[in-house]
Amino acid sequence: MPPAVAQFRGLKIGRAEIFLGDCLQWMEQASTQNPEGLFDAIVTDPPYRLSNDGITCQSGKMVSVNKGMWDKSEGHDLDHKFNLAWLSLCQKLLKKDGTIWVSATSHAAFSIGHAMKSLEFKILNDIVWAKRNPPPNLSCRYFTHSHEHLIWAAKSSRSKHTFHYADMKAENLGKQMRSVWEFLPASKTEKTFGKHPTQKPLALMRRCVAASTPDGGIVFDPFMGSGTTGVASLLENRSFVGCENVKTYFLLSEKRLRDAISATL
């Protein structure tokens with residue numbers, strides 16, 4: 001596991017260590033103390049900036065799309081500046097051959113992709129997560145939103161990134177795995193200890209971790225949320241480090257990680 005970062009108290013849970021606080025401040029300190037990088041991969045789900053007082057459908061009911069102040073847009077320029085800031089710090093924290101996975105809807109994906117290009121990441125794939133049962137579009141003025149992007153990128157064009165091609169081919173019944181993946185949303189059992197409004201399915205995160213990290217490697221998530229990346233990492237025999245600035249979700253992650261540790265014993 002990486003050394004502790006000054007001024008941040010971490011909570012250790014087996015092969016995981018999680019921090020409550022601002023991820024940018026944590027990453028700034030960690031990158032200064034570890035100039036060669038710390039992580040084999042970063043798998044994260046940043047704010048999509050979708051909380052705009054609109055409506056959506058959840059369990060057959062009309063509900064607000066608002067998720068919290070952390071998901072409020074500050075306007076295109078500031079949102080993009082934020083994406084540049086956290087991605088730049090992620091790049092510093094990756095080992096030379098490390099990669100990053102970023103989940104995003106179209107509201108954020110193009111800014112993130114542009115920021116990656118500006119920072120000279122090497123974009124490897126744009127994975128489409130196709131949702132089998134998306135919520136209906138209540139306004140009836142658009143096509144129903146039924147997918148999200150996962151942008152997979154290497155730290156630089158010089159990186160010799162990890163890709164477990166044979167494992168992915170075997171998982172796909174002997175055929176090359178394509179860039180469109182179908183997964184159901186997070187199940188009820190994945191929300192036993194509580195839920196996060198943008199919680200990703202565990203199977204999706206496990207595939208990202210399994211495909212792109214060495215056995216026993218270290219995975220980081222700066223926007224930890226409900227801790228799905230951490231659970232996926234532990235179940236795939238990786239170590240995990242995460243940051244979360246909302247205490248409710250930090251405590252939810254703690255419970256899920258402890259449960260995952262029990263499952264691996």
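Just so we're clear, the structure is a prediction, and the values are computed from it rather than from any experiment.
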Aromatic contact, Trp152 with His161 (centres under 6.0 Å): yes
Hits for side-chain contact (heavy atoms from CB on, under 4.5 Å) against Thr248, two or more places apart or cross-chain, chain-then-number order -> Val246
Under 3.5 Å donor-acceptor, Thr198 side chain and Pro47 backbone: no
The side chain to side chain donor-acceptor pair (under 3.5 Å) partner of Thr228 among His196, Glu190, Arg256, Arg206 is Arg256
Backbone N/O of Val43 and side chain of Thr229: donor-acceptor pair under 3.5 Å: yes
Determine whether a donor-acceptor pair (N or O, by modelled atom type, separation under 3.5 Å) exists between the side chain of Asn172 and the backbone of Gly174. no
Rounded to the nearest 0.5 angstrom, the OG-CH2 distance for Ser146 and Trp129 is 11.0 Å
Practice problem: Would you mind checking if Glu148 and Lys131 are paired as a salt bridge, meaning a charged N to carboxylate O distance below 4.0 Å? | Solution: yes
Practice item. Inspect the contact between Arg207 and Glu171 and indicate whether a charged nitrogen and a carboxylate oxygen are less than 4.0 angstrom apart. Key: yes
Side chains of Ser159 and Asp97: do they bring a donor and an acceptor to under 3.5 Å?
no
One should read off an interatomic distance between Asn34 CG and Met27 CE, to the nearest 0.5 angstrom, of 13.5 Å
Rounded to the nearest 0.5 angstrom, the CG-CG distance for Leu94 and Leu89 is 11.0 Å
Q) Is a salt bridge present between Arg238 and Asp40, judged by a nitrogen-to-oxygen distance below 4.0 Å? A) no
Contacts of Glu28 meeting salt bridge (charged side-chain N to carboxylate O under 4.0 Å, His left out) (sequence neighbours excluded), chain-then-number -> none
Legend entry - Polar contact flag, side-chain donor to acceptor under 3.5 angstrom, Asn125-Ser179: no
Exercise. Can you check whether Arg15 reaches Asn237 side chain to side chain, under 4.5 Å on heavy atoms?
Worked result: yes
**Message:** Same cluster or not: Leu150 versus Leu124, using hydrophobic residues (I, L, V, M, F, W, Y) connected whenever any side-chain heavy atoms lie under 4.5 Å apart?
**Reply:** yes
Between the CD1 atom in Ile42 and the OG atom in Ser212, the distance rounded to the nearest 0.5 Å is 11.0 Å
Review point. Going by distance alone, is a donor N or O of one side chain under 3.5 Å from an acceptor N or O of the other, for Ser187 and Thr189?
Key: yes
Does Tyr165 share a hydrophobic cluster with Ile127, counting links as ILVMFWY side-chain heavy atoms below 4.5 Å and allowing steps through other members?
-> yes
Hits for side chain to side chain donor-acceptor pair (under 3.5 Å) against Glu36, two or more places apart or cross-chain, chain-then-number order -> none
